[in-house]
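Take a look at the structure set out below.
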Amino acid sequence: MSNSPESPSRSDFIREVVAADRAAGKHAGRVVTRFPPEPNGYLHIGHAKSICLNFGIAAENPGGVCHLRMDDTNPTTEDPEYVQAIQDDVRWLGFDWQDKLFFASDYFERLYGFAVLLIKKQLAYVDSLSAEEMRRHRGTLTEPGTPSPYRSRSVEENLDLFQRMRSGEFPDGAHVLRAKIDMASPNINLRDPVLYRIRHVAHYRTGASWCIYPSYDFAHPLSDAIEGITHSICTLEFEDHRPLYDWVVEQCETSQRPQQIEFARLNVSFTVMSKRKLLDLVERKLVDGWDDPRLPTLKGLRRRGFTPEALRAFCEAIGVAKRDAVVEVQLLEHFVREDLNKRAPRVMAVLRPLRVVIENYPEGQVEQLEAVNNPEDPSAGRRPVPFSRTLYIDQEDFRENPPKQFFRLAPGREVRLRYAYIITCVGVIKDPTTGEITELRCTYDPDTKSGGPQAQRKVKATIHWVSAPHAVDAEVRLYDRLMLTDPGKIPVEDDWTTHLNPHSLERLSACKVEPSLATVSPGTRLQFERVGYFCADPDSAPGKPVFNRTVTLKDAWARIEKGQPTG
RNA sequence: UGGGGGAUCGUCUAGCGGUAGGACGCCGGCCUUUGGAGCCGGCUACCCAGGUUCGAAUCCUGGUCCCCCAGCCA
């Protein structure tokens, strides 16, 4: 039995587990998920998959809820700026955690209590080995580890030492608290993992009240348990942490027993997805910030004009499975085009203007022609567009010596101006010194006006244009996303940024757009006829309109992959 | 090499013993007063080898390849 294309929501293995648990009455039939980012960077398209999954599963199950939890257990990398940005992005994507916003750092006291419990149960001990010594004791993939000489400290000594770790008696690295599990375990995560480390660093939320911080392996399962999470969905690399996750929850005797389920993280071809590398780009000022439209961050995608709807449709389409996968970046852009095609009003914009004079059109005359806002959506209405004797067309739409497949304007040829008349090119004016074409002389046929008697006359092409005296100057940025020249993995080298295609931004500032765009509200998505999808920059200063290109030109992909210019 | 996972069109994904389906992509055609829009058609897949079975992507056995793990990151 195959999924019909109309099937409302797909069924993946995680949803099957959740459904089975509900049917079996596990967790009293509740479904509680969580999205647990560490606030050490901005969210990107990869996080969108996890957000859609966790919030999606909660929404699909009656009474289901999804928590937003900041996994802020490492004070050295975290920042309130990121906490805010994460919330903005999740909301922008269209999800609501209601009052379920949590912070792992709020659990520090309880976590400490659990640690004391483990010590009392002789399941945790204070180790005083150096990091280097501890690494040596851990063994290797094939050799078992050897117990630390401090492994057999008494409960009293451990309790005393741990308390003094907390009170700040010891410098960073002097001691750690470790779980006492099995130094010979074939699973290295079980060779007495570190539960607490000393870090004399102020935490952005708890300030100086703590100088010991719980590790992920300790804090995460317990945070899940504290919040009553039923299904703790995470990525594949945590698969062999699961025995440890279960051990912590079991040994701490929590009333809730969450279940960890792993899925494959999202990779997008040619796209930089690691937070570390994105941070690198931002810090080295290779981009203008986390919201640079060339970045795959949610902020960057938003600024390019990607819609939350398109991103959600994409996440739905890629599915959830356990195999390593690299989704083609074209699939992402497909969903953006599909969405924007339905909703983006069409407007005329000339990126590289070429002046055209209609010789037989009366000097000083102006006509208001009627343009359709969106042929895909009649309810979008119509608008007037002024036509006059002097126009701009795009340089691309004229060739002095047209090649075989070129059907647009050329000397002696005719072409339709969208919503206006059929014109014929009768002359080409060049700069005498450079030989550059500076102006075209044309004539128009008054009977061929849109809706006029000869309106049905066939011409080979329709081009876009703007009236020169009415045109608005605009800045148009043709972005391509910051692409790697390698489809998936970046080779390990000194500087990974040498694998970036540097030709990802072109600003065109002589652009002329139709007068209706003199004022557009920030964030407005538009389709420039014959050119592509654009977004009025949400963050640009008022004044000259600034538009960011939303999706990359289809023909550009091949060049991007080769690291060639795409403009 | 120890442990944990994974292998289905070029890409992602469905399949749960009974005709391998969908989407992206690509190719071809049509249409159009924008198209990168729309319509029509086509393309290509079960990692390998055995076995069980009337019948195997699915079950069994043995291989192969890929990913993850030796942070006081998450």
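Just so we're clear, the structure is a prediction, and the values are computed from it rather than from any experiment. Order of the sequence lines fixes the chain letters, A, B, ..., with proteins taken first and strands second; residue numbering starts at 1 for each chain.
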Would you mind reporting whether A:Phe398 and A:Ile463 have side-chain heavy atoms less than 4.5 Å apart? no
What I want to check is whether an N or O donor and acceptor connect the side chain of A:Glu328 with the base of B:G10 at under 3.5 Å. yes
Partner of A:Tyr213 under ring-ring contact (aromatic ring centres under 6.0 Å, His included), chosen from A:Tyr196, A:Phe108, A:Tyr112: A:Phe108
Is the shortest distance from a Lys or Arg side-chain nitrogen in A:Arg15 or A:Asp12 to a carboxylate oxygen in the other one below 4.0 Å? yes
When you measure from the side chain of A:Ala131, which nucleotide among B:U13, B:G2, B:C72 comes out closest? B:C72
Give a yes or no on whether a salt bridge exists between A:Glu38 and A:Lys275, defined as a side-chain N under 4.0 angstrom from a carboxylate O. no
Can you find a donor-acceptor N/O pair under 3.5 angstrom joining the side chain of A:Asp240 to the base of B:G3? yes
Describe the nucleic acid contact of A:Asn341 in one word from base, sugar-phosphate, nothing, applying a heavy-atom distance below 4.0 Å. base
Using a heavy-atom cut-off of under 4.0 Å over every strand shown, decide if A:Gly451 touches base, sugar-phosphate, or nothing. base
Nearest to the A:Ala325 side chain among B:G2, B:A74, B:C12, which nucleotide is it? B:C12
Considering only nitrogen or oxygen atoms on both sides, find all protein atoms under 3.5 Å from nucleotides 28-32 of chain B and state each distance.
{"residue": "B:U32", "atom": "OP1", "partner": "A:Lys458", "partner atom": "NZ", "Å": "3.2"}

Under the ring-ring contact (aromatic ring centres under 6.0 Å, His included) test against A:Phe534, which residue among A:Phe528, A:Tyr479, A:Phe547 passes? A:Phe528
Please state how far atom NZ in A:Lys460 lies from atom P in B:U33, giving the value in whole angstrom units. 14 Å
Protein-nucleotides 39-46 of chain B N/O pairs under 3.5 Å:
none

Test of ring centre spacing under 6.0 Å for A:His220 and A:Tyr216: yes
Distance in angstrom units between A:Glu316 CD and B:C24 C1', rounded: 15 Å
How long is the line joining CZ of A:Arg34 and P of B:A74, in whole Å? 15 Å
